[in-house]
Amino acid sequence: MNGVSMRSMRDESGQALILTATSLLVLMGFLALATDVGILFHDRRELQTAADGAAVAAAMEYRNGGSDAQATASAVAAATSNGFTDSANGVTVTIHTPPVTGFHQSTGNVEVDISQAAVPTVFMGLFGSNTVDISARAVATYIGVSKSCIWLGHSTGTDLTIRGAAKIIATNCGIYLNSTSSDSIKTTGNGNTIDSPYIDTPGGTVGSGTPQGTTVSTGTAPQDNPFNTITGGNTVTDGEPNAATACTPSNTTSTALTPTPGKFSGTIDLDPSGTTSTTVHCFSDANVDVSGATLSNGVFVFENGVKIGTNSTFTMTNATLDLDQGVFNEGSQSIFDITAPKIPVTVTPKQWNNGIAVLVPPTNTTYSFTACNPNPNDTQELMIQFGSANQTFSGYIYAPNATVTLHDQGGGTTAAGLVAASLCDLSGNIDITGFNALNPTTSPLTAVTLVE
């Protein structure tokens with residue numbers, strides 16, 4: 001064996017040291033890789049944050065009525081403020097309005113792509129990778145917080161009653177009924193028509209007929225009141241936590257009304273510039289007759305009811321009718337038009353009257369949820385159409401505790417939206433146009449969100 005013993009050949013001393021050294025080398029390689037990957041993930045996260053912020057900034061610009069150029073400028077500025085300036089340090093910021101890839105290639109959506117070339121590595125260079133290119137993408141848009149422009153919120157009993165030849169049109173949106181009862185919808189007769197993409201309710205339907213033109217989905221998930229933070233009434237809440245008492249002696253018209261006590265037929269413009277819509281004027285008389293009146297640019301609080309006489313006209317522009325207490329009383333063949341404030345969403349603090357034409361706050365004890373009553377003189381129901389009257393509410397009717405009623409087919413009602421405890425349609429016609437669809441840049445019921 002040339003002087004080499006078998007024992008020497010079997011001697012394994014020193015192999016552990018070799019194996020340990022090899023293992024340490026491998027572990028150091030994994031450690032180096034983990035370190036670089038961690039750093040790159042951190043850099044990628046910062047890039048994604050910048051892309052998200054840029055997309056949201058551009059979508060906000062669209063929501064506020066901005067152009068493609070303004071949206072692009074806002075996105076680039078947001079990316080820069082987050083540390084990624086286009087054409088600097090290997091950064092490329094690309095804005096697509098609308099997106100050119102993905103699932104949201106339509107106007108109003110914004111796609112932001114941010115890439116950074118040649119990001120240096122720490123240890124991966126030992127394996128031939130001295131730099132790595134990273135990128136991030138985000139798509140944002142503004143959407144309605146509720147797809148339902150008729151929202152009836154009483155949790156039990158009948159939320160929607162239709163009878164005779166009632167007609168409800170809500171083609172731009174849908175109808176939601178919050179009642180969990182089996183009679184959430186009650187129908188009488190087969191001449192009723194509802195033209196809407198859907199009617200959703202956690203409850204059920206009863207009656208002798210079915211509404212034509214739509215499908216009722218029962219047992220659906222509940223939805224929140226889209227205006228659930230509004231209080232209104234004799235206190236104007238313009239955003240939490242700010243509040244100011246609305247009615248004071250200096251801004252209240254009382255029995256000094258002339259030439260007829262209890263009647264006002266003149267003109268009040270609270271803000272001729274038309275920029276704030278938060279100025280308040282109050283009427284303290286009982287059932288103030290506003291036949292022939294024109295009220296503009298603000299919130300008009302009726303502390304003890306309001307009346308529009310028979311064969312009369314009444315106009316409110318950029319204004320909210322706030323029925324603090326008392327009833328809303330309209331005469332047959334009256335014609336009135338109330339256009340709600342349309343305040344850009346950039347205005348702060350938030351203004352609760354934005355988008356609301358008529359407000360019956362929960363504090364108004366005259367109204368409450370009641371069973372649908374065919375008696376047109378039932379003062380517990382908010383009557384918005386009677387006889388041959390014709391009304392236009394270019395904004396929401398917000399009466400969360402009241403039963404809203406339409407009576408007769410002689411006239412009709414147009415509104416941008418309705419939020420109430422229930423709706424009682426006794427052969428009346430109502431056309432809900434959808435405030436979000438008509439006013440995407442001012443609607444308080446839209447929100448900017450990331451969609452990709």
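Residues: numbered from 1 along the sequence shown.
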Would you check, one step at a time, whether the test side-chain hydrogen bond (donor to acceptor under 3.5 Å, both in side chains) holds for R137 with T101?
CA-CA 11 Å; R137 174 181 179 273; T101 61; 3.3 Å; yes

Does the pair Q325 and T365 meet the rule for a side-chain hydrogen bond (donor to acceptor under 3.5 Å, both in side chains), with working shown?
CA-CA 7 Å; Q325 294 293 334; T365 56; 3.3 Å; yes

Start with the C-alpha distance between H407 and Q385, add both sets of side-chain angles, then the distance that settles side-chain hydrogen bond (donor to acceptor under 3.5 Å, both in side chains), and finish with yes or no.
CA-CA 6 Å; H407 200 285; Q385 192 274 321; over 6 Å; no

Yes or no on salt bridge (Lys or Arg N to Asp or Glu O under 4.0 Å) for D52 and R45, after CA distance, side-chain angles and deciding distance?
CA-CA 10 Å; D52 292 347; R45 182 65 260 170; 3.8 Å; yes

Take T218 and T201 through the test side-chain hydrogen bond (donor to acceptor under 3.5 Å, both in side chains) and record every step on the way to the result.
CA-CA 5 Å; T218 58; T201 178; over 6 Å; no

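The side-chain heavy atoms of L323 and L321, taken from C-beta on, include a pair separated by under 4.5 Å. Put simply, the side chain of P341 reaches to within 4.5 Å of the side chain of T320, judged on heavy atoms. Two residues are said to be in side-chain contact when any heavy atoms from C-beta on lie closer than 4.5 Å; N192 and I194 fail this criterion. Two residues are said to be in side-chain contact when any heavy atoms from C-beta on lie closer than 4.5 Å; Y396 and I432 fail this criterion. In this structure, C282 and E303 have side chains that are in contact, with non-hydrogen atoms separated by less than 4.5 Å. Taking the side chain as every heavy atom from C-beta outward, T161 and I185 never approach each other to under 4.5 Å. A heavy-atom distance below 4.5 Å is found between the side chains of K263 and S291. Contact of the T433 side chain with the T414 side chain is registered, since non-hydrogen atoms from C-beta on lie closer than 4.5 Å.
Shown here for A402 and A420, the closest heavy-atom pair between the two residues is O-CB, 3.6 Å. Minimum interatomic distance between L423 and L406 (heavy atoms only, all atoms of both residues): CD1-CD1, 3.6 Å. Nearest heavy atoms, D159 versus S179: OD2-N, 2.9 Å. When all heavy atoms are compared, the tightest approach of V327 to N287 is CG2-OD1, 3.9 Å. Nearest heavy atom pair, residue S184 against residue L177, reads OG-CB, 3.6 Å. Minimum heavy-atom separation, E381 to C372: OE2-C, 3.8 Å.
Between the side chains of S148 and Y198, at least one donor N or O sits under 3.5 Å from an acceptor N or O. Side-chain N/O atoms of N109 and T141 include a donor and acceptor closer than 3.5 Å.
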Only pairs under 3.5 Å count here: list side-chain donor-acceptor contacts from residues 76-97, not counting sequence neighbours, and write none if there are none.
from, atom 1, to, atom 2, distance (Å)
T80, OG1, V76, O, 3.0
S81, OG, A78, O, 2.7
N82, ND2, A78, O, 3.0
D86, OD1, V93, N, 2.8

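The main-chain N or O of V100 is found under 3.5 Å from a side-chain atom of E111 such that the two form a donor-acceptor pair. Counting only distance, with no hydrogens or angles, the side chain of T366 and the backbone of G326 share a donor-acceptor pair below 3.5 Å. Side-chain N or O atoms of D285 include none that pairs as donor or acceptor with a backbone N or O of V288 at under 3.5 Å. Judged purely by atom type and a 3.5 angstrom limit, E46 has no side-chain atom pairing as donor or acceptor with the backbone of D43. Between the side chain of D183 and the main chain of V206, no donor-acceptor pair closer than 3.5 Å is present. Of the possible polar contacts, none joining the D324 side chain to the V301 backbone as a donor-acceptor pair under 3.5 Å is found. In this structure a side-chain-to-backbone donor-acceptor pair under 3.5 Å is missing from S334 to E330. Not one N or O on the side chain of T49 forms a donor-acceptor pair closer than 3.5 Å with the backbone of L47.
Shown here are the ring-ring contact (aromatic ring centres under 6.0 Å, His included) partners of F283, two or more places apart in sequence or in another chain: F264, H281, F302. Partners of F328 under the ring-ring contact (aromatic ring centres under 6.0 Å, His included) rule, at least two apart in sequence or in another chain, are F336.
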